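Accompanying notes for the structure given below.
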Amino acid sequence: MTKGNSTKITDELYAYVLAHNPPLDEVQRGLIATTWEKFPDSAGMQSAEEQGPLLAFLVRLTGARHVVEVGTFTGFSALSMAQALPADGRLIACDVSEEWTRYGREAWEAAGVADRIDLRIAPALDTLRAMPAEPHIDLAYVDADKQSQILYWEELVPRLRPGGLIVTDNTLFHGTVLDESPASRGASVRAFNDHVGADTRMESVLLAISDGITLSRKR
């Protein structure tokens, strides 16, 4: 095996990457700061700063109008995607916490995209299973509890239109996918990665971005 890229991402190089990506706006930066202030022990669950522009880019690239997010936390990723949607686009955001998502609601209002986001506070599987069964989703972003990822996948894939995209976060899970006996979440992510790789309905690539991002396109 030949490793094609040995670039080490230092703090300085990471800052360079951010400087050459589309800049975050005032509302996005404010939400990131609020998340770290209000939830310092949980703020690591927030999508990485470079993922906001990436998700917005993918929304525009796919021409998405119907987006589903599984795992919203304080709403940074939902905000980034909603800002990229056309005016008649809609994003269904699935989460179980009113406490976390209240800050997202405030940011969505401030950014003028609250009317594009339908936040559903309930177990995500219940929300997904209540959706129409026919293919209608353009893009889905999955960043929630790792033990349920395969279940989310199996609800999303049949509802995804041909050419639609599923973006899954944390598919390297801090490197624990390589552990001989990974902790429960690492084992779940490894099982998910194997499941995705074997699914002939989709074509997928796992990218070493942030904590691992898998892009999966429906055939």
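Counting begins at 1 with the first residue of the sequence. What you see is a predicted model; the values in this text were computed from it and never measured.
Classification of E154 and R129 as a salt-bridged pair fails, no side-chain N sitting under 4.0 Å from a carboxylate O. Ionic pairing of D118 and R90 is not present here: no N-O contact between side-chain nitrogen and carboxylate oxygen is shorter than 4.0 angstrom. No salt bridge links E203 with K218; every basic N to acidic carboxylate O contact stays at or beyond 4.0 Å. Electrostatic pairing of R102 and E98 does not count as a salt bridge here, judged by no charged N lying under 4.0 Å from a carboxylate O. Ion pair D143/K146 flagged as a salt bridge, since at least one NZ, NE, NH1 or NH2 atom sits closer than 4.0 Å to an Asp/Glu carboxylate oxygen. Salt-bridge formation is not detected for the pair R159/E134: no Lys NZ or Arg NE/NH1/NH2 atom is positioned less than 4.0 Å from an Asp or Glu carboxylate oxygen.
F73 contributes atom CZ, which lies 10.0 Å from atom OG of S47 (distance to the nearest 0.5 angstrom). For the atom pair CG of L54 and CG of L215, the computed distance is 7.0 Å after rounding to the nearest 0.5 Å. In this structure, Q83 CD and W108 CH2 are separated by 12.0 Å, a value rounded to the nearest 0.5 Å. Of the inter-residue distances, the one linking L160 atom CG with S216 atom OG reads 9.5 Å to the nearest 0.5 angstrom. One finds the OG1 atom of T171 at 7.5 Å from the CG atom of D211 (value rounded to the nearest 0.5 Å). To the nearest 0.5 Å, atoms CZ (R65) and NE2 (H136) are separated by 15.0 Å.
Between the T72 side chain and the G75 main chain, no donor and acceptor come within less than 3.5 Å of each other. For the pair R217 (side chain) and L165 (backbone), a donor-acceptor distance under 3.5 Å is absent.
Annotation for R161: atom CZ counts as buried by contact number, over 12 foreign heavy atoms lying within 6.0 Å. Atom OH of Y16 is surrounded by 12 or fewer heavy atoms from other residues, nucleotides or ligands within 6.0 Å.
Cluster annotation: M81 and W100 are assigned to the same hydrophobic cluster (Ile/Leu/Val/Met/Phe/Trp/Tyr, side-chain heavy-atom contacts under 4.5 Å, transitive). Under the 4.5 Å side-chain heavy-atom criterion for Ile, Leu, Val, Met, Phe, Trp and Tyr, V70 and V59 are members of distinct hydrophobic clusters. Grouping the Ile, Leu, Val, Met, Phe, Trp and Tyr side chains by contacts below 4.5 angstrom, directly or via other members, places I121 with L79. A continuous path of Ile, Leu, Val, Met, Phe, Trp and Tyr side chains, each step under 4.5 Å between heavy atoms, connects I92 with I166, placing both in one hydrophobic cluster. Put simply, I209 and V167 are part of the same group of oily side chains (I, L, V, M, F, W, Y) that touch within less than 4.5 Å, one to the next.
When side chains are defined from C-beta on, F173 does not count as touching N193, because their heavy atoms never get closer than 4.5 Å. In this structure, the side chains of S188 and I150 stay at 4.5 Å or more apart for every pair of heavy atoms. The side-chain heavy atoms of Q46 and I32, taken from C-beta on, include a pair separated by under 4.5 Å. Two residues are said to be in side-chain contact when any heavy atoms from C-beta on lie closer than 4.5 Å; V142 and D169 fail this criterion. Side-chain contact between Y103 and T35 is absent, with no heavy atoms from C-beta onward closer than 4.5 Å. At least one side-chain heavy atom of R201 sits under 4.5 Å from a side-chain heavy atom of P158.
For the pair V68 and C94, the tightest heavy-atom approach, listed with the atom from each and the gap, is CG1-SG, 4.5 Å. Considering all non-hydrogen atoms of both residues, G212 and L172 come closest at CA-CG, 3.7 Å. Contact record, A107 with V27: O-CG1, 3.4 Å, taken as the closest heavy-atom pair. Considering all non-hydrogen atoms of both residues, S204 and V196 come closest at OG-CG1, 3.3 Å. For the residue pair A48 and S210, the shortest heavy atom distance occurs at CB-OG, 3.5 Å. Nearest heavy-atom pair across G71 and D95 is C-OD2, 3.8 Å.
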For this session: Quick one: do L85 and L91 satisfy side chain to side chain contact (heavy atoms under 4.5 Å, CB included)? Show the steps, please.
Result: CA-CA 8 Å; L85 283 170; L91 185 154; 4.1 Å; yes
For this session: Start with the C-alpha gap between E99 and F39, add the side-chain angles, then the distance that decides, and say whether side chain to side chain contact (heavy atoms under 4.5 Å, CB included) holds.
Result: CA-CA 10 Å; E99 180 184 14; F39 308 107; 3.6 Å; yes
Exercise. Stepwise, does the side chain to side chain contact (heavy atoms under 4.5 Å, CB included) test hold for H195 with Q149?
Worked result: CA-CA 10 Å; H195 185 83; Q149 279 185 317; over 6 Å; no
Exercise. Y141 and T168: side chain to side chain contact (heavy atoms under 4.5 Å, CB included), yes or no, with the steps?
Worked result: CA-CA 6 Å; Y141 180 50; T168 309; over 6 Å; no
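Taking the six-membered ring where tryptophan is involved, the planes of W153 and F192 are perpendicular, since the angle between them exceeds 60° and thus also 30°.
Defined by atom type and a distance below 3.5 Å, a donor-acceptor pair is missing between the side-chain atoms of T176 and D179. Side-chain contact of Q28 with S80: a donor-acceptor pair under 3.5 Å is present, judged by distance alone.
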